[in-house]
**Q** 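The structure that follows is given in the form of structure tokens.
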Amino acid sequence: MSDRSKVFVTREIPAAGLDPVVAACDTDVWKDPLPPARDELLKRIAGCDGVLSLLTEKIDAEFMDAAGPQLKVISNFAVGFNNIDIDEAKRRGIRVGNTPDVLTDATADMAFALLISAARRIVESQDYVRAAKWKTWEPLGHIGVDLIGRTIGIVGMGRIGMAMAKRCHGGWGMNVLYHDMNQNKDAEAQFAARQVDFETLLAESDFVSVHTDLNETTKGLFNADAFGKMKSTAVFINSARGPIHHQPDLYTALSSGQIFAAGLDVTDPEPISMDDPLLSLPNCVIAPHVASATISSRNGMAEIAADNLLAGLSGKPLRCAVA
Ligand code: DGY
């Protein structure tokens, strides 16, 4: 019998992370691109010392029971960890790791790409060309909103919020407002950012970009009430987690002209239902949760996730620990 640790990797990840795990552990990798069904996941995790998971896996008490008392570490291949019951893991002494920093710039780039795409109606314009509707240069057609000197409102001024502020302030000379429980003195010094209450941010921002984590306070934060307080020319960006916006309320705000446009890298649920009326709106740009999808980010995430897993298995401190 092998004395190597037994681990389950819930999807193929870049070799930068998978190779060291396979070299060190008795490794079971879920090869299908779609996540394992719940009963399959619970079966595969039985007897494992560690798991390298994705944000698609719900890791709760039932999961930990199915694994067994030897489970030492959960290494999430994501910076977010709302898929994991952290309190339950702590109660059981299970270490939890995540993959911050390496995806900060890629995520802020995507948030900004969504901002400019929604503001300048880029996807809608491309659809217009492909549908053979482009007949002439139109003085009144395809009018979007300007970026220069406008106001960006950032909800959650952490690492990614800072990177977004840098782009908006440094590149487009935007005024930066932010809403966060904590004051961010670096953001204030570097980008002249001003910490404001949520209502002020909604009322004064031309662009509102979400960079907070999903928790009981932020779930449904962007609802009818919030959209109702935004400017009719405002653009809403969410590259954090889908449930932070209330999707039917977002549809109403966009379809009634209450706000100008939205750019989403995340939806609720994921994937978005093909019946979701948001998909029928030209002023809503939707990407399939790809903000961290660059070579260096995904390789970096894989390396950190592997380091976290192997450290947790050998009882060492995790490189990036959540618990
Ligand atoms: C994360 O890391 O939390 C992103 O949502 C996926 O990269």
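Residue numbers count from 1 along this sequence.
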**Q** If you look only at distance, which donor and acceptor atoms sit under 3.5 Å apart when one is on a side chain in residues 14-24 and the other is two or more places apart or in another chain?
**A**
none

**Q** Is there a side-chain hydrogen bond (donor to acceptor under 3.5 Å, both in side chains) between R194 and T200 once you walk through the steps?
**A** CA-CA 11 Å; R194 189 158 59 89; T200 304; over 6 Å; no
**Q** What residues form a side-chain hydrogen bond (donor to acceptor under 3.5 Å, both in side chains) with Q190, not counting sequence neighbours?
**A**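 Applying side-chain hydrogen bond (donor to acceptor under 3.5 Å, both in side chains) to Q190 gives none.
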**Q** Using the salt bridge (charged side-chain N to carboxylate O under 4.0 Å, His left out) criterion, which residues pair with D28? Sequence neighbours excluded.
**A**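 Listed in chain order: R44.
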**Q** Does A78 offer a backbone N or O that forms a donor-acceptor pair with the side chain of N76 under 3.5 Å?
**A**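 Checking the backbone N and O of A78 against the side chain of N76, no donor-acceptor pair under 3.5 Å is found.
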**Q** With sequence neighbours excluded, what pairs up with N299 under the side-chain hydrogen bond (donor to acceptor under 3.5 Å, both in side chains) test?
**A**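 Applying side-chain hydrogen bond (donor to acceptor under 3.5 Å, both in side chains) to N299 gives none.
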**Q** Quick check against the 3.5 Å criterion: does Q70 have a side-chain atom that pairs as donor or acceptor with the backbone of A67?
**A**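 Yes, the answer is positive, given that a donor and an acceptor are paired below the 3.5 Å cut-off.
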**Q** If the condition is side-chain contact (heavy atoms from CB on, under 4.5 Å), which residues does K185 pass it with, not counting sequence neighbours?
**A**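 Q183.
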**Q** With a 6.0 Å cut-off on the ring centroids, do F207 and F260 count as close?
**A**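 For F207 and F260, the ring centres are not under 6.0 Å apart.
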**Q** side-chain contact (heavy atoms from CB on, under 4.5 Å) with R38: which residues, sequence neighbours excluded?
**A**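 side-chain contact (heavy atoms from CB on, under 4.5 Å) list for R38, sorted by chain: L41, L42, K58, D60, E62, F63.
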**Q** Applying side-chain hydrogen bond (donor to acceptor under 3.5 Å, both in side chains), can you list everything that pairs with H245, at least two apart in sequence or on another chain?
**A**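 Result, side-chain hydrogen bond (donor to acceptor under 3.5 Å, both in side chains) vs H245: N238, Q247.
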**Q** List the residues meeting side-chain hydrogen bond (donor to acceptor under 3.5 Å, both in side chains) with H246, not counting sequence neighbours, and say none if there are none.
**A**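 For H246, the residues satisfying side-chain hydrogen bond (donor to acceptor under 3.5 Å, both in side chains) (neighbours in sequence not counted) are D249.
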**Q** Any salt bridge linking D39 with K43? Criterion: basic side-chain nitrogen under 4.0 Å from a carboxylate oxygen.
**A**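 Answer for the salt bridge query: no.
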**Q** Does a donor on one side chain and an acceptor on the other come within less than 3.5 Å for S239 and D265?
**A**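 The answer is no; no qualifying pair exists.
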**Q** With sequence neighbours excluded, give me every salt bridge (charged side-chain N to carboxylate O under 4.0 Å, His left out) pair touching residues 153-166.
**A**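 Pairs touching residues 153-166 that pass the test: D101-R159.
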**Q** Name every donor-acceptor pair, under 3.5 Å, that has one atom in a side chain of residues 107-114 and the other anywhere in the protein, sequence neighbours excluded.
**A**
unit_1	atom_1	unit_2	atom_2	d
T107	OG1	L103	O	2.7
D109	OD1	R167	NE	2.7
D109	OD1	R167	NH2	2.9

**Q** Provide the full list of salt bridge (charged side-chain N to carboxylate O under 4.0 Å, His left out) pairs with a residue in residues 267-277, sequence neighbours left out, each pair given once.
**A**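 As it turns out, there is no salt bridge (charged side-chain N to carboxylate O under 4.0 Å, His left out) pair with a partner in residues 267-277 once direct neighbours are skipped.
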**Q** Is the backbone N or O of K133 less than 3.5 Å from a side-chain atom of Y128, with the two atoms forming a donor-acceptor pair by type?
**A**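 Judged by distance alone, yes, a pair lies under 3.5 Å.
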**Q** Could you list the residues that satisfy side-chain contact (heavy atoms from CB on, under 4.5 Å) with D87, not counting sequence neighbours?
**A**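 In terms of side-chain contact (heavy atoms from CB on, under 4.5 Å), with neighbours along the sequence ignored, D87 is linked to D85, R91.
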**Q** Please determine if R92 and D65 form a salt bridge, counting it only when a charged side-chain N lies under 4.0 Å from a carboxylate O.
**A**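 Yes.
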